[in-house]
Protein chains: 2
Amino acid sequence: MKDGPHIAAIAALIGDPARANILSALMDGRALTISELARSANVGLPTASTHISKLEAAGLLLSIKQGRHRYVRLSGEDVVHTLETLMLLAARTGHRRVRTGPRDPALREARVCYDHLAGARGVQMFESMVQSRLLECGGGHVRLTSAGRRFAQRFGIDLGEHQTKDSVTCVSCLDWSERRDHLAGRLGCACLSRIFALKWARRDKDSRAVLFSANGLREFNRLFPI
Amino acid sequence: MKDGPHIAAIAALIGDPARANILSALMDGRALTISELARSANVGLPTASTHISKLEAAGLLLSIKQGRHRYVRLSGEDVVHTLETLMLLAARTGHRRVRTGPRDPALREARVCYDHLAGARGVQMFESMVQSRLLECGGGHVRLTSAGRRFAQRFGIDLGEHQTKDSVTCVSCLDWSERRDHLAGRLGCACLSRIFALKWARRDKDSRAVLFSANGLREFNRLFPI
DNA sequence: ACGATGCTTCGCTATCGGTCAAACCATGAA
DNA sequence: TTCATGGTTTGACCGATAGCGAAGCATCGT
């Protein structure tokens, strides 16, 4: 009753096509410049500038100036989560695009979600780790077991001092393709970094897709079976 | 990049204060009439009517006509989930109201979320059931164990033929008060109904709060310890 | 049959906000 | 210094839409 205006303020910001495009373009966690975002949203540079100012003032974006560029990124995972939730709702109510683009299957297979792995491979990784008792999942929280800690070390991830509770939280990033959770948080971020470092996969240049190599997929499947 | 407009269409709908108020008022799962919603949103009756038509056309609401009334309700739990996610984001970015209303603590304690229990008591119930191995939680899914099935029967819940997988899904309804999951789905709905039937608690008249009686809370705590 | 109630539709106004051109500022390069 | 590039600001335009009064239906009660 009273909280209508609060969510309306945020939703109205996301509710503009240009701004929604800007936010979508940032969903892979990268920091982009104003002009890149303007092009991505199909608006002029001044328009994008004002939009981004508003989004930053509202706390959805962060930006840093470097030289004459201004790099903009999302302010947190909760923004990604909100956007994915909206996508899910849009899909259910028939607002999604009917024609699934050519790179759509690749996105369903594996994609970047802010800074971690999502899509079929992301779910596989998470469920495999739960199955193998590397992760303990209960009551909305995820804890790394001692076996999981050893596994991480063997995998080449240095959790270091970031072993706090929330650093390995499983943010239930329920996405539109798989209706399942996948691993987010620092551990999810580190896993994806490692996958890239091992050259098991690389990022598609202009989408959120993660493209596995044949060999990389084999290794991935061996490490995270079924 | 291409999915900007899709989420923008939905977000724009939620982005209007009057519509956001209407949606918020419906978050307790009840079906309300147009005039009730108009009053709740502080707009005239014609205005509310058009808003509701738009929301229904977009698939966010469902309505049935009964006599000269038209009863409106949310079209599904995903709408609730989206709204709660937006509230969460609004709270984090400082858009929440500073003055926490008088009935705010009660909402944090226990409240209705669409058709199931949320808030501290909702989380307690869920975590207790996981702890006691009544529920098995892994990989974003929740399954009722055989012990859980016996428990449900003893508790007076007839799951009947609704023993399909998704009927007991744990929709990760991460809410603004507790940042944890709680039980949704048919099982969550049935539990809350049972709690009301046993007179352990009753609903506040004009909010989403669930008010436990002293005795009801004792029984609840015994059944769902820690 | 009559009026009352709940809701919808129409028509209108006022307002808000997205958009861009042009001017302006700041930084980096030659 | 001078030019070029990236970004911001200003101002004006314009389309979209929220809002409501009034009229129009439909349904219920009497």
Side-chain angles (χ1 to χ4, degrees), chain A residues 1 4-26 30-74 95, chain B residues 1 3-26 30-58 60-74 95:
Chain A
M1 173 181 181
H6 309 271
I7 66 177
I10 302 275
L13 282 171
I14 309 176
D16 177 77
R19 283 194 291 257
N21 275 326
I22 289 174
L23 291 169
S24 298
L26 291 169
R30 263 198 271 243
L32 301 177
T33 68
I34 311 286
S35 28
E36 284 171 325
L37 289 170
R39 220 173 315 120
S40 167
N42 287 317
V43 291
L45 205 149
T47 306
S49 179
T50 56
H51 280 319
I52 289 165
S53 297
K54 286 177 188 172
L55 290 170
E56 188 175 10
L60 300 186
L61 298 182
L62 294 175
S63 73
I64 48 169
K65 274 175 61 173
Q66 271 186 16
R68 46 183 170 183
H69 294 279
R70 184 170 147 207
Y71 285 95
V72 179
R73 61 183 177 82
L74 298 182
H95 285 250
Chain B
M1 171 180 182
D3 28 33
H6 309 271
I7 66 176
I10 302 274
L13 282 171
I14 309 177
D16 177 78
R19 282 193 294 256
N21 275 325
I22 289 173
L23 291 169
S24 298
L26 292 168
R30 263 197 273 240
L32 301 178
T33 68
I34 310 286
S35 28
E36 284 171 325
L37 289 170
R39 220 173 314 121
S40 167
N42 286 316
V43 291
L45 205 149
T47 306
S49 178
T50 55
H51 280 318
I52 289 164
S53 297
K54 285 177 189 174
L55 289 170
E56 187 175 11
L60 300 186
L61 297 183
L62 293 176
S63 73
I64 48 168
K65 274 175 58 174
Q66 271 186 16
R68 46 186 171 181
H69 295 278
R70 186 170 147 208
Y71 286 95
V72 180
R73 60 183 178 83
L74 297 183
H95 285 250

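Note on naming: letters A, B, ... go to the chains in the order of the sequence lines (proteins, then strands), and numbering restarts at 1 for each one. Atom set for the values below is all heavy atoms of this structure, side chains included, hydrogens, waters and symmetry mates excluded.
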Contact list for residues 7-21 of chain A, test salt bridge (charged side-chain N to carboxylate O under 4.0 Å, His left out), sequence neighbours left out: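 Pairs touching residues 7-21 of chain A that pass the test: none.
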Qualifying salt bridge (charged side-chain N to carboxylate O under 4.0 Å, His left out) pairs with a residue from residues 30-56 of chain B, counting only residues at least two apart or across chains: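 Of all non-adjacent pairs touching residues 30-56 of chain B, those that pass salt bridge (charged side-chain N to carboxylate O under 4.0 Å, His left out) are B:Asp28-B:Arg30, B:Glu56-B:Arg70.
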Reference residue A:Val72; test side chain to side chain contact (heavy atoms under 4.5 Å, CB included); the match among A:Leu55, A:Ile34, A:Leu32: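 Result: among A:Leu55, A:Ile34, A:Leu32, A:Ile34 is the only option passing the side chain to side chain contact (heavy atoms under 4.5 Å, CB included) with A:Val72.
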Touch class at under 4.0 angstrom, heavy-atom based, for A:Ile34 against every strand present: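 Result for A:Ile34 = sugar-phosphate.
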Touch class at under 4.0 angstrom, heavy-atom based, for A:Thr33 against every strand present: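 Sugar-phosphate contact only.
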Return no unless some side-chain N or O of [X] is found under 4.0 Å from OP1 or OP2 of [N].
| X | N | value |
| --- | --- | --- |
| B:His69 | C:dT5 | no |
| A:Thr50 | D:dT9 | no |
| A:Lys54 | C:dG17 | no |
| B:Thr47 | D:dC20 | yes |

Heavy-atom closest contact (A:Ala38 atom, A:Ala48 atom, distance):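 Closest heavy-atom pair between A:Ala38 and A:Ala48: CB-CB, 3.6 Å.
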Residue pair B:Ala8 / A:Ala20: nearest heavy atoms and the distance that separates them: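 Heavy atoms of B:Ala8 and A:Ala20 come nearest at CB-CB, 3.8 Å.
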Nearest whole angstrom, please: distance from the [atom2] of [N] to the [atom1] of [X].
| X | N | atom1 | atom2 | value |
| --- | --- | --- | --- | --- |
| A:Leu45 | D:dG6 | CG | C1' | 7 Å |
| B:Leu37 | C:dC7 | CG | P | 9 Å |
| A:Ile64 | D:dG6 | CD1 | P | 18 Å |

Under 3.5 Å, which N/O atoms of the protein pair with N/O atoms of nucleotides 21-30 of chain D?
residue, atom, partner, partner atom, Å
D:dT27, O2, B:Arg68, NH1, 3.4

Out of C:dT19, D:dG19, C:dG6, whichever nucleotide has its closest atom nearest the side chain of B:Ala18: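 The listed nucleotide nearest to B:Ala18's side chain is D:dG19.
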Residue mapping more 5' on DNA chain C - nearest nucleotide basis, B:Glu36 or A:Arg19: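 Nearest-nucleotide comparison on DNA chain C picks B:Glu36.
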CA sep, side-chain torsions, deciding dist, call: B:Ile14, A:Ile10, side-chain contact (heavy atoms from CB on, under 4.5 Å): CA-CA 9 Å; B:Ile14 309 177; A:Ile10 302 275; over 6 Å; no
